[in-house]
Protein chains: 2
Amino acid sequence: MSERAAPAHVTLEVVARHAGVSPATASRVLNRTTRVRDELRERVLAAADLLGYIPNAHAQALASASSRVVGVICHDVSDPYFAAIASGVMRAASERGLLMMLASTFRDPAREIAYVSTLRAQRARAILLISSGFQDRAWERAMSAELDPYLRGGGRVAVVSRHRTLRVDTVLPENRAGGAALARALLDLGHRDFAVLTGPRALTTVSDRLRGFRDALARAGVDLAPDQIVEGAFTRDGGYDACSGLLQRGLRATCVFAITDVMAIGALAALRDHGLRVPEDVSLAGFDDIPVVRDLSPPLTTVALPLAEMGEAVMALALREPPRRRSRVARFDGAVVLRASTAPL
Amino acid sequence: MSERAAPAHVTLEVVARHAGVSPATASRVLNRTTRVRDELRERVLAAADLLGYIPNAHAQALASASSRVVGVICHDVSDPYFAAIASGVMRAASERGLLMMLASTFRDPAREIAYVSTLRAQRARAILLISSGFQDRAWERAMSAELDPYLRGGGRVAVVSRHRTLRVDTVLPENRAGGAALARALLDLGHRDFAVLTGPRALTTVSDRLRGFRDALARAGVDLAPDQIVEGAFTRDGGYDACSGLLQRGLRATCVFAITDVMAIGALAALRDHGLRVPEDVSLAGFDDIPVVRDLSPPLTTVALPLAEMGEAVMALALREPPRRRSRVARFDGAVVLRASTAPL
DNA sequence: ACGTTATCAGAAAGCGCTTTCAGAAAACGC
DNA sequence: GCGTTTTCTGAAAGCGCTTTCTGATAACGT
């Protein structure tokens, strides 16, 4: 049994020797850091090509104390909201020649912190938290405990969504204003009785949207009955279940606001399953404007957020030079898009 | 201007010194590779905790010649098909304590190859190609040129979709059989006149589905008129445009098959915009069963693929021990799901 | 023609770990 | 009770690069 030795890895040194230069020179040629005599340049390039040289990114990172990867942490890649933002991040990363490490927490806040630690170990150039703003004292403390040393060590951090105490660059969808704008638009349609399907209250995304919505109603003298506010999981089925529960217990509203489009999709199904027509019997509105909702029927009224743009922004924010001491906030307005899922009363 | 020196990084050596042991011992404790006297163990752990030690993954990878990251290359994170598969991969990765590097090619085959090279440089433990099977002689040659040395060096590769000559582990959705099953189901409904919205023919995903569909029709003595087959981009808008073109030039079919659900969503919109009702005027079917299509109205008839499962499978295939010499194929059947978008003739 | 500055290349010192290798200490056998 | 095996720990050699630092040439000015 002849064991074939693993083909010796082609290292920089091998390339250098083959080209008759020192590793230092080879490195300089391959990284274009310094002028090198043309003749040597050619020889190195030819040797690298011939030998199929692939640099070892780990060695490079170790020696140069910097890496080309950015870490992105989101709740769920398969959720269209995060997918859209991640797509924007991806575009921004590839423009800069950076690689993206993507982690799904599957909505477990503890895992979010664990991933930050892992990304620190990877010496990620930046860590981007594409979250929904989990507002929990202990959690934010633990998160800060991870983030602060990382920042002090030169790491970059930016987040999407409002956090209470995290002092980092933030991409802030104007959830509160968006909720208010939506409420006004619905009031304009003549609605006075509303129901809301919320997600977990611990998320700022949820509480901000709800607050904006409720405040705008109040300003118009309209009350939101507590029993018409139902909490559900941040998923399609969460929306379905929340809406079903509401219908069971008695829906007293002419218009339902689902705190995210994803939940609205579930709500639409629940309403339909319950024999209600949208918008004839009840109007329905969502939030986010994920791509698919315009193709529902009826197309969903929602608050449009520039998700891909937000993804690019969070990357840009994290990487901007020089790193500002004060953390900055990039605000993104939501635009109410009235579609056929809402009708005048 | 007092310059505050960057806080010296906490390295293994610092931890070791603080615990009064050698770096070797500290390493052993932190990696549980060998028994270490309990007393020393405690001291090392305490020191690591106290100092907030974060290992340097690059140094680890370099020294141990192995890394904990797997690379995943797909066309577009924000496409629900890829997102669903990526989600499965993500789950499989996190179960194994691996990190996922995700790259979008934005449908550029050249970029796919470039990313493989980059992932090679990252010494990714495995490279997963979540593609649609680009069948191009030159491309496959170039891809093999990247993959073969990687495999020889101990790398693992697995792909989703059929490729003509790539000799790697494959997760194979039974596109052809699925297309055939769908055709039979539609024939059973009484349809005899079909139109097909295809994606780029260069993709095996497209050609296999089309072939299965067409063959099954032929077997039933039904012809597919060439002018009723329209090619569009692999996106919602591609489906919309293709369908619009078809309608413009005259649709002579009672049933339209869109080669993917994403395209079907666009087609549905186009049909509607053209004043046609689905399924009363024309039936519509897709392929994939991405989550949202059951919530369209009418819900879309389609061929259901276990996308997340396929994602887990492609990871499992790549990582299975020992690495088999012969490449293996994991087949996944599609199940026809009849929903309201198709009606008996 | 000679000193001076500007270019370019190589030697060598790490970057922060893992992992042999070998030695010291402890446990064992008879 | 002494050789032998077993356990545990440390020294040190790398992993494959980047990057000073230094020296050798070449280009320049006068």
Side-chain angles (χ1 to χ4, degrees), chain A residues 6-45 47-48 51-69 118 120-125 153-154, chain B residues 6-45 47-48 51-69 118 120-125 153-154:
Chain A
H9 232 76
V10 178
T11 67
L12 223 214
E13 203 197 323
V14 174
V15 172
R17 201 186 340 268
H18 191 278
V21 301
S22 72
T25 301
S27 169
R28 285 190 271 250
V29 169
L30 265 8
N31 299 308
R32 311 173 185 67
T33 48
T34 318
R35 271 228 72 66
V36 171
R37 188 160 29 113
D38 281 356
E39 189 206 333
L40 299 190
R41 246 181 63 78
E42 304 287 295
R43 292 218 310 258
V44 170
L45 258 16
L51 300 172
Y53 172 67
I54 300 272
N56 183 322
H58 296 300
Q60 293 186 158
L62 185 59
S64 67
S66 78
S67 91
R68 306 203 63 71
V69 350
T118 305
R120 286 225 274 153
Q122 296 289 331
R123 295 300 184 267
R125 173 174 302 197
Chain B
H9 231 76
V10 178
T11 68
L12 223 215
E13 202 197 323
V14 174
V15 173
R17 203 189 336 273
H18 193 278
V21 301
S22 73
T25 299
S27 169
R28 287 190 269 252
V29 169
L30 265 9
N31 299 308
R32 311 172 186 67
T33 48
T34 317
R35 271 228 73 64
V36 171
R37 188 160 28 117
D38 281 357
E39 188 206 333
L40 298 191
R41 246 180 64 76
E42 303 288 294
R43 293 219 309 261
V44 170
L45 258 16
L51 300 172
Y53 171 67
I54 301 271
N56 183 323
H58 295 300
Q60 293 185 156
L62 186 58
S64 66
S66 78
S67 92
R68 306 203 63 71
V69 349
T118 305
R120 285 225 274 155
Q122 296 289 331
R123 296 298 186 266
R125 173 173 303 198

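In what follows, every heavy atom counts, from backbone to side chain, and hydrogens, waters and symmetry copies are set aside. A, B, ... follow the sequence lines: proteins, then strands. Residue 1 opens every chain.
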Q: Rounding to 10°, can you tell me the angle the first-five-pair axis of the helix from C:dA1-D:dT30 to C:dC30-D:dG1 makes with its last-five-pair axis?
A: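 The angle separating the two end axes equals 30°.
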Q: Whole Å only: how far is the CG atom of A:D38 from the P atom of C:dT7?
A: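 Result: 15 Å.
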Q: With a 4.0 angstrom cut-off to heavy atoms of chain A, pull out the first and last contacting nucleotide of DNA chain D, in 5'-to-3' order.
A: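 Using the under 4.0 Å cut-off, the span is D:dG16 to D:dT20.
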Q: Which ones in residues 56-65 of chain B lie close to DNA chain C, meaning a heavy atom under 4.0 Å from one of its atoms?
A: B:N56, B:A59, B:Q60, B:A63, B:S64
Q: Which salt bridge (Lys or Arg N to Asp or Glu O under 4.0 Å) pairs, counting each pair once, include a residue from residues 9-24 of chain A, with sequence neighbours left out?
A: A:E13-A:R17
Q: Between A:R123 and A:R120 (side chain of the first, backbone of the second, donor and acceptor by atom type, cut-off under 3.5 Å), is there such a pair?
A: yes
Q: Going by salt bridge (Lys or Arg N to Asp or Glu O under 4.0 Å), name the residues that satisfy it together with B:E42, two or more places apart in sequence or in a different chain.
A: none
Q: Work out which heavy atom in B:L12 is nearest to a heavy atom in B:Y53; give both atom names and the distance.
A: N-CE1, 3.5 Å
Q: For the side chain of A:H58 and the backbone of B:A59, is there at least one donor-acceptor N/O pair under 3.5 Å apart?
A: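 Such a contact is absent between A:H58 side chain and B:A59 backbone.
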Q: Taking A:R43 for the side chain and A:A19 for the main chain, is one N or O donor matched with an acceptor at less than 3.5 Å?
A: yes
Q: State whether the side chain of B:S67 and the backbone N or O of B:A61 hold a donor-acceptor pair below 3.5 Å, judged by distance alone.
A: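 No; judged by distance alone, with no hydrogens or angles, the pair does not exist.
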Q: Where is the tightest heavy-atom contact between B:S66 and B:R125, given as atom of each residue plus distance?
A: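 In terms of heavy atoms, the two residues are closest at OG-NH2, 4.4 Å.
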Q: At a heavy-atom distance below 4.0 Å, what parts of residues 17-36 of chain A sit against DNA chain D?
A: A:A24, A:S27, A:R28, A:N31
Q: On a heavy-atom basis, which atom in A:V69 and which in B:Q122 lie closest, and how many Å separate them?
A: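 That closest heavy-atom pairing would be CG1-OE1, 4.3 Å.
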Q: What integer distance in Å separates A:E13:CD from C:dA11:C1'?
A: 12 Å
Q: Are the side chain of B:T25 and the backbone of B:V21 linked by a donor-acceptor contact shorter than 3.5 Å?
A: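 Judged by distance alone, no pair lies under 3.5 Å.
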Q: Looking only at atom types and distance, does a side-chain atom of B:S64 sit under 3.5 Å from a main-chain N or O of B:Q60, one as donor and one as acceptor?
A: yes
